Trainee: 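Questions regarding the structure given below will be posed in turn.
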Amino acid sequence: MADDSHRRRYSSLIVDGVQKAAARAMLYAVGFKEEDFAKPQIGIASTWSNLTPCNMHINTLAEAAAMGADEAGGKAVTFNTITVSDGISMGSPGMRYSLVSREVIADSIETAVGAEGFDGFVAIGGCDKNMPGCAMAIARLNRPAVFVYGGTIQPGKERRDVVSVFEAVGQHAAGKLSDIELKEIESTAIPGPGSCGGMYTANTMASAIEALGLSLPNSSAQEAVSDQKNKDSYAAGAAVLNLLDRGIRPSDILCREAFENAITVTIALEGSTNAVLHLLAIAHAAGIPLSIDDFNRIGARVPVLADMRPAGQYAMSELIEIGGIQPLMKTLLAEGLLHGDCLTVTGKTLKENLADVADYPAGQNVIRPLSNPIKPDSHLVILKGNLAEEGAVAKITGHEGLTFTGKARCFHGEEAALAAILDGTVQKGDVVVVRYEGPRGGPGMREMLSPTSAINGRGLSSDVALITDGRFSGGSHGFVIGHITPEAYDGGVIALVEDGDEITIDAEQKTISLAVDQTTLDQRRAGWQRPAPYAERGLLAKYARLVSSASEGAVTDKFD
């Protein structure tokens, strides 16, 4: 047998030699042939599930990836991990599991790949937390790997998507939609497989991971149901074998400059605030120093160019029609805003990948030219001040203005805030404070899409701000500030705010301040008591004990 040790570094420990006869016997039962034991084993990590449109088609993509790996000389082995649906669980207690699922996905892929001795793997993700979970596993394992995005959904009737439904709930509460009209919207917004169709978290993270170099060119910009996505999946399986042959591992790709590229592309696309949380977590998994302050540093020189939902007009399918994110990346590279020498899973540098990419077609309006940006600097702004000493993440697109001062209206948890918005308690000039929704206090840092959509649906997005130690869906827009740290459960100042306190948000000065003197805050702190934990045992309790702060990516393996 030829020396294939460089390609079978891990699987040889599982199947080679007389003493591994039992392992081979079990693998015969799952379809291995004798010649397969001499091949590199390639894991195919599938997030297939029938519980959400985002992932309902991924079994087909996994089959294509396995075929690509097999035909390139490997032996593919497919396994599953979980997904949960943000869109379905949104606004319910179940949403507490959403961010937790990122850790479960990363842990389970690491577990399966590590236990079974796969020499490389493909990870395929559809719903929001799949992408960072897969990327974290890739970084941790440091074995040749390629990420495949499951692809975006096609638009619903009248270009609707899931956020259209959330906002319709607010319009219904304001008397702007009848029961029949609401029913028609909910039944026509989601036409089939794929992830939510704007530049929400799924499409944001798929784009960021492509910019990191962990997926093949244009993997982020393909519809879920398309020949392009099937070909992308097949090519990913083959690409892992190329990485094995060339000895290229994720640690050769995930350098600091690659993360700067990912941040730059996220900003240019007006991507989700969740990118801050997830890129910090992926960097932690890769051992790359990255902090929330890097987002302000990079954001000072990177413009917002994509006129995409939720703040803009266009859906991901319309970006796909004009060429995806590759022409945008080529433009950013030419302007000196990307690091072109970063290696990618093609085995080529980013600059080499982009060399033959065509420009966007003339007359398109989805991506603005650099000479006419939507915003000259980043919409993702890290704010600090006495209300967020360790930082908070603002999504300031420019539509809502750059400063806001209002009176606090405080709520313990999302449900109470949503009820007050829908029943008209929240009025113009209010700063809605939703607390005890942080990584530990929630636990799980629920997304506030229901409250922000209700604010927008009631026509208050220009007149009401919402701040929280929780986070926001990529579909949220308006004057929204999340990830406030320290969180309320840890005794952060957000726990001490009282109704009527004046709060000022200043995106230009990058501050968020509470107009209450320190003596008064000290008096309030003396009377503050931490509420009982939401869960005493099980996964949520374990997560709450392990998780770091949002400003550190809300990771569960930070032990220093």
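The model shown is predicted, which means the values in this text are computed figures rather than measured ones.
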Trainee: Flag the pair Glu415 and Arg446 as a salt bridge only when some basic side-chain nitrogen lies within less than 4.0 angstrom of an acidic carboxylate oxygen.
Mentor: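 Looking at Glu415 and Arg446, the cut-off is met.
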Trainee: Could you check whether Lys375 pairs with Asp377 (Lys NZ or Arg NE/NH1/NH2 to Asp/Glu carboxylate O, under 4.0 Å)?
Mentor: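 Yes, charged N to carboxylate O under 4.0 Å.
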Trainee: Flag the pair Val381 / Asn296 as yes when at least one side-chain heavy-atom distance between them is below 4.5 Å, and no otherwise.
Mentor: yes
Trainee: If you compare all heavy atoms of Tyr360 against all heavy atoms of Ile325, which two are closest, and at what distance to 0.1 Å?
Mentor: OH-CA, 4.0 Å
Trainee: Considering all heavy atoms of both residues, which atom of Ala392 and which atom of Ile484 are nearest to each other, and what is their separation?
Mentor: CB-CG1, 3.7 Å
Trainee: Please determine whether side-chain contact (heavy atoms from CB on, under 4.5 Å) holds for the pair Lys129 and Met205, giving the CA-CA distance in whole Å, both sets of side-chain angles, and the decisive distance to 0.1 Å.
Mentor: CA-CA 9 Å; Lys129 307 310 167 293; Met205 289 312 303; over 6 Å; no
Trainee: Would you indicate whether Asp356, at its atom CG, is surrounded by more than 12 heavy atoms from other residues, nucleotides or ligands within a distance under 6.0 Å?
Mentor: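 Atom CG in Asp356 is not crowded, with 12 or fewer foreign heavy atoms closer than 6.0 Å.
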Trainee: Mind listing the closest non-hydrogen atom pair of Val276 and Phe295 along with its distance?
Mentor: CA-CZ, 3.6 Å
Trainee: Picking from Asp232, Asn218, Asn203, what satisfies side chain to side chain donor-acceptor pair (under 3.5 Å) with Tyr149?
Mentor: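 The option that passes is Asn203.
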Trainee: Is there side-chain contact between Ile263 and Leu290, with heavy atoms separated by less than 4.5 Å?
Mentor: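 Yes - at least one pair of side-chain heavy atoms lies under 4.5 Å apart.
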Trainee: So does Gln509 have more than 12 non-hydrogen atoms from other groups sitting under 6.0 Å from CD?
Mentor: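 It does not: Gln509 CD has 12 such atoms or fewer within range.
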Trainee: With rounding to the nearest 0.5 angstrom, report the CZ to OG1 distance, Phe166 to Thr452.
Mentor: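 So the gap between those two atoms works out to 9.0 Å.
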Trainee: Is a salt bridge present between Lys176 and Glu167, judged by a nitrogen-to-oxygen distance below 4.0 Å?
Mentor: no
Trainee: Is it true that Glu414 and Arg96 make a salt bridge, defined as a side-chain N closer than 4.0 Å to a carboxylate O?
Mentor: no
Trainee: Roughly how far, to the nearest 0.5 Å, is OG of Ser98 from CG of Asp86?
Mentor: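 It comes to 3.5 Å.
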Trainee: So, for Gly271 and Lys395, which heavy atoms are closest and what is the spacing to 0.1 Å?
Mentor: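 Smallest heavy-atom distance, with atoms named: O-CE, 4.1 Å.
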Trainee: Nearest 0.5 angstrom please: Met90 CE to Leu449 CG, how far?
Mentor: 4.5 Å
Trainee: Would you compute the distance between atom OG of Ser207 and atom CD of Gln326 and round it to the nearest 0.5 angstrom?
Mentor: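 Rounded to the nearest 0.5 Å, the OG-CD separation comes out at 10.5 Å.
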Trainee: Between atom CG of Asn50 and atom NE2 of His57, what is the distance when rounded to the nearest 0.5 Å?
Mentor: 12.0 Å
Trainee: Hey, could you give me the OG/CZ distance between Ser461 and Phe479, rounded to the nearest 0.5 Å?
Mentor: 11.5 Å
